[in-house]
Amino acid sequence: MQLPAKFIEKYEQLLGQEAQAFFDSFEQEPISGFRTNPLKETQQEYADKIPHMEWSYYGKVSGKSPEHVTGLVYSQEPAAQVVGQVAHPQAEMKILDLAAAPGGKSTHLLSYLENTGLLVSNEISTKRSKILVENIERFGARNVVVTNESADRLEKVFSGYFDLIVLDAPCSGEGMFRKDPDAMRYWDENYPAQCAELQREILQSALKMLRPGGSLIYSTCTWSTEENEEVIQWLLDSYDMELEELENVNGTVSGLIPGTLRMYPHHFKGEGQFVARLRLLSSEVSSEFKPAKSNLSREQSQLWQEFAKENLKVQINGTLQVFGDQLYLLPDGLPDLSKLKIARNGLHLGTFKKKRFEPSFALGLALHSQEVVRRVDISEVDFQQYVAGNVVKVASDLPNGWYQVAINGNGLGFAKVVSGTLKNTFPKGLRFQV
């Protein structure tokens, strides 16, 4: 791999005697990894565990496998997984993932929350937010809202609101050169400093959304000191914050500021990353907010309740809101989001049709077997037919009605059984041939 001359010069100065081993690592194959999803009902064992990291494995997963389609596994390279590990949120926390697409860090945070608290997963790019929504939906969490906003607009709604904010900041991407050589086309010696300006701008808004005592996880996929330690020092100098020291594991090394972490591919089995954790000691921002309210009509409320009574064994708690003919469940304690662009307003429950309610694919991904009245398990062969958009034959004595579809013990949406045939409701935009 032909690295930029100025990049070589920069890291010869930074790394000294280690520089050649660092450059040699770019000739090696990128390291792949994935995580399992603890929110799913049925788990599987995998061989190549990443030490000291929960749910984490080395290796690749197929995007066409039942495990991926039902959200049991999520592909994420090992260095990126360290960010969620460092964040390690506690149950009931209110969390913001500020630059969230494609969803690796958000799904990792959701693993720790276990459907408690709240995650606001934000992505400023409309195109990338659609990918984020798809990955969040597949994961099956019930306590997440996906926004499509800039940080300065979010701060107007979420002033002093969050216990934890994760910013995996837009950066120069040096840590991705081995995995994505095209990233080198954007790099020049001035690019890291330009990125650092944007990072400081985003952080100024982020800190207005953090409650006193709350934590900020700051990370980049670059080794540039301008974007890493210099940004951290700026935070410490400009705000009443303290650095929370992080432990070195699996070949991570301390950054130029002690307590921060760097991942170099000649030390760490993965790509490049920088991570730091800081705590906000004080803040002058207000945390008052107007709560979200339900906007269902009487007829819509009745149609939903009729469906739930007939098909669900659990009480769905939270604020119900309808957008057009689509029904969503908002997590408890959420402010009014009417002034924000929303990509996914909580858990999509389904669609109101004329005089009836039809459950969503997302609801069928999120529920476990003990939470539904009827479930039908399909085989691997039937799975291949179903994801291609075909109907599937089931036992002829199954009563007609809505069923949660499942494969290998995990939900795959809802579908209707009619006279021994499972109608196909797998979303058209997700269909594929195995």
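In this chain, numbering begins with 1 at the start of the sequence shown. All values reported here derive from a predicted model rather than from experimental measurement.
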Could you tell me whether [X] and [Y] have a side-chain N and a carboxylate O separated by less than 4.0 Å?
X: Arg128; Y: Glu123; answer: yes
X: Asp163; Y: Arg211; answer: yes
X: Lys10; Y: Glu226; answer: yes
X: Lys105; Y: Asp97; answer: no
X: Arg262; Y: Glu229; answer: yes
X: Lys179; Y: Glu271; answer: no

- Message: Are there over 12 heavy-atom neighbours, none belonging to Lys49, within less than 6.0 Å of that residue's NZ?
- Response: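 Check passes, neighbour count above 12.
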- Query: How about Gln370: does its CD atom have over 12 heavy atoms from other parts shown lying under 6.0 Å from it?
  - Reply: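 Yes, the 6.0 Å shell around CD holds more than 12 heavy atoms from other groups.
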- Derivation and outcome, side chain to side chain contact (heavy atoms under 4.5 Å, CB included), residues Val372 and Asn311: CA-CA 6 Å; Val372 296; Asn311 295 283; over 6 Å; no
So, do [X] and [Y] sit near enough that their side-chain heavy atoms are less than 4.5 Å apart?
X: Thr36; Y: Gln44; value: no
X: Pro170; Y: Leu198; value: yes
X: Pro4; Y: Met184; value: yes
X: Val86; Y: Val83; value: no
X: Leu337; Y: Val157; value: yes
X: Phe158; Y: Pro335; value: yes
X: Leu110; Y: Ile136; value: yes
X: Ser106; Y: Leu119; value: yes

- For the pair Phe177 and Phe7, name the ring-plane relationship: parallel under 30°, tilted 30 to 60°, perpendicular over 60°.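 It falls in the tilted class, 30° to 60°.
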- Return the orientation label for the Tyr112 and His88 ring planes: parallel under 30°, perpendicular over 60°, tilted otherwise.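 Answer is tilted, since the angle falls between 30° and 60°.
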[X] and [Y]: side-chain donor and acceptor closer than 3.5 Å?
X: Gln199; Y: Tyr218; result: yes
X: Asp237; Y: Gln233; result: yes
X: Tyr74; Y: Ser111; result: no
X: Glu227; Y: Thr220; result: no
X: Glu18; Y: Tyr264; result: no
X: Thr107; Y: Arg35; result: yes
X: Asp168; Y: Gln273; result: yes
X: Thr222; Y: Ser172; result: yes
X: Asp240; Y: Ser282; result: yes
X: Gln326; Y: His348; result: yes
X: Asn408; Y: Thr42; result: no

If I take atom [atom1] from residue [X] and atom [atom2] from residue [Y], how far apart are they, to the nearest 0.5 angstrom?
X: Leu210; Y: Ser159; atom1: CG; atom2: OG; answer: 11.0 Å
X: Arg344; Y: Phe323; atom1: CZ; atom2: CZ; answer: 12.5 Å
X: Ser129; Y: Asn122; atom1: OG; atom2: CG; answer: 9.0 Å

State whether the side chain of [X] and the backbone N or O of [Y] hold a donor-acceptor pair below 3.5 Å, judged by distance alone.
X: Asp382; Y: Val392; result: no
X: Gln404; Y: Leu367; result: yes
X: Glu174; Y: Ser224; result: yes
X: Thr116; Y: Leu113; result: yes
X: Gln321; Y: Lys293; result: yes
X: Glu371; Y: Lys313; result: no
X: Arg178; Y: Glu27; result: no
X: Arg142; Y: Ala366; result: yes
X: Lys40; Y: Leu365; result: yes
X: Thr260; Y: Ile257; result: yes

- Give the C-alpha distance, both sets of side-chain angles, the deciding distance and a yes or no for side chain to side chain contact (heavy atoms under 4.5 Å, CB included) between Phe162 and Val120. CA-CA 9 Å; Phe162 294 105; Val120 175; 3.9 Å; yes
Closest heavy-atom pair and its distance - [X], [Y]:
X: Leu118; Y: Pro331; result: CD1-CG, 3.6 Å
X: Gly272; Y: Trp223; result: CA-CZ2, 3.5 Å
X: Ser75; Y: Val61; result: CB-CG2, 3.9 Å
X: Phe414; Y: Tyr386; result: O-OH, 4.1 Å
X: Ala183; Y: Gly173; result: CB-O, 4.3 Å
X: Lys423; Y: Val391; result: CA-CG1, 4.3 Å

- Please test Thr351 against Glu358 for side chain to side chain donor-acceptor pair (under 3.5 Å), starting from the C-alpha separation and ending with a verdict. CA-CA 5 Å; Thr351 307; Glu358 294 188 357; over 6 Å; no
- Intermediate values then yes/no, salt bridge (Lys or Arg N to Asp or Glu O under 4.0 Å), Glu41 and Arg375: CA-CA 13 Å; Glu41 180 176 1; Arg375 174 187 257 203; 3.1 Å; yes
- Evaluate ring pair (Phe, Tyr, Trp, His ring centres under 6.0 Å) for Phe34 paired with Tyr58, printing each intermediate quantity in order. CA-CA 6 Å; Phe34 65 93; Tyr58 297 112; 9.6 Å; no
- Report yes if the distance between the aromatic ring centroids of Tyr11 and Phe23 is under 6.0 Å, otherwise no.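 No, the ring of Tyr11 stays outside the 6.0 Å limit from the ring of Phe23, centre to centre.
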- Message: As a quick check of understanding, evaluate side chain to side chain contact (heavy atoms under 4.5 Å, CB included) for Ser205 and Lys208, giving each step before the final call.
- Response: CA-CA 5 Å; Ser205 291; Lys208 293 176 183 177; 5.6 Å; no
- Assess whether salt bridge (Lys or Arg N to Asp or Glu O under 4.0 Å) is satisfied between Arg138 and Glu134, documenting all intermediate values. CA-CA 6 Å; Arg138 186 183 300 114; Glu134 185 179 314; 3.0 Å; yes
- Query: Can you check side chain to side chain contact (heavy atoms under 4.5 Å, CB included) on Met176 and Glu77, steps first, answer last?
  - Reply: CA-CA 11 Å; Met176 294 292 103; Glu77 72 88 12; 4.1 Å; yes
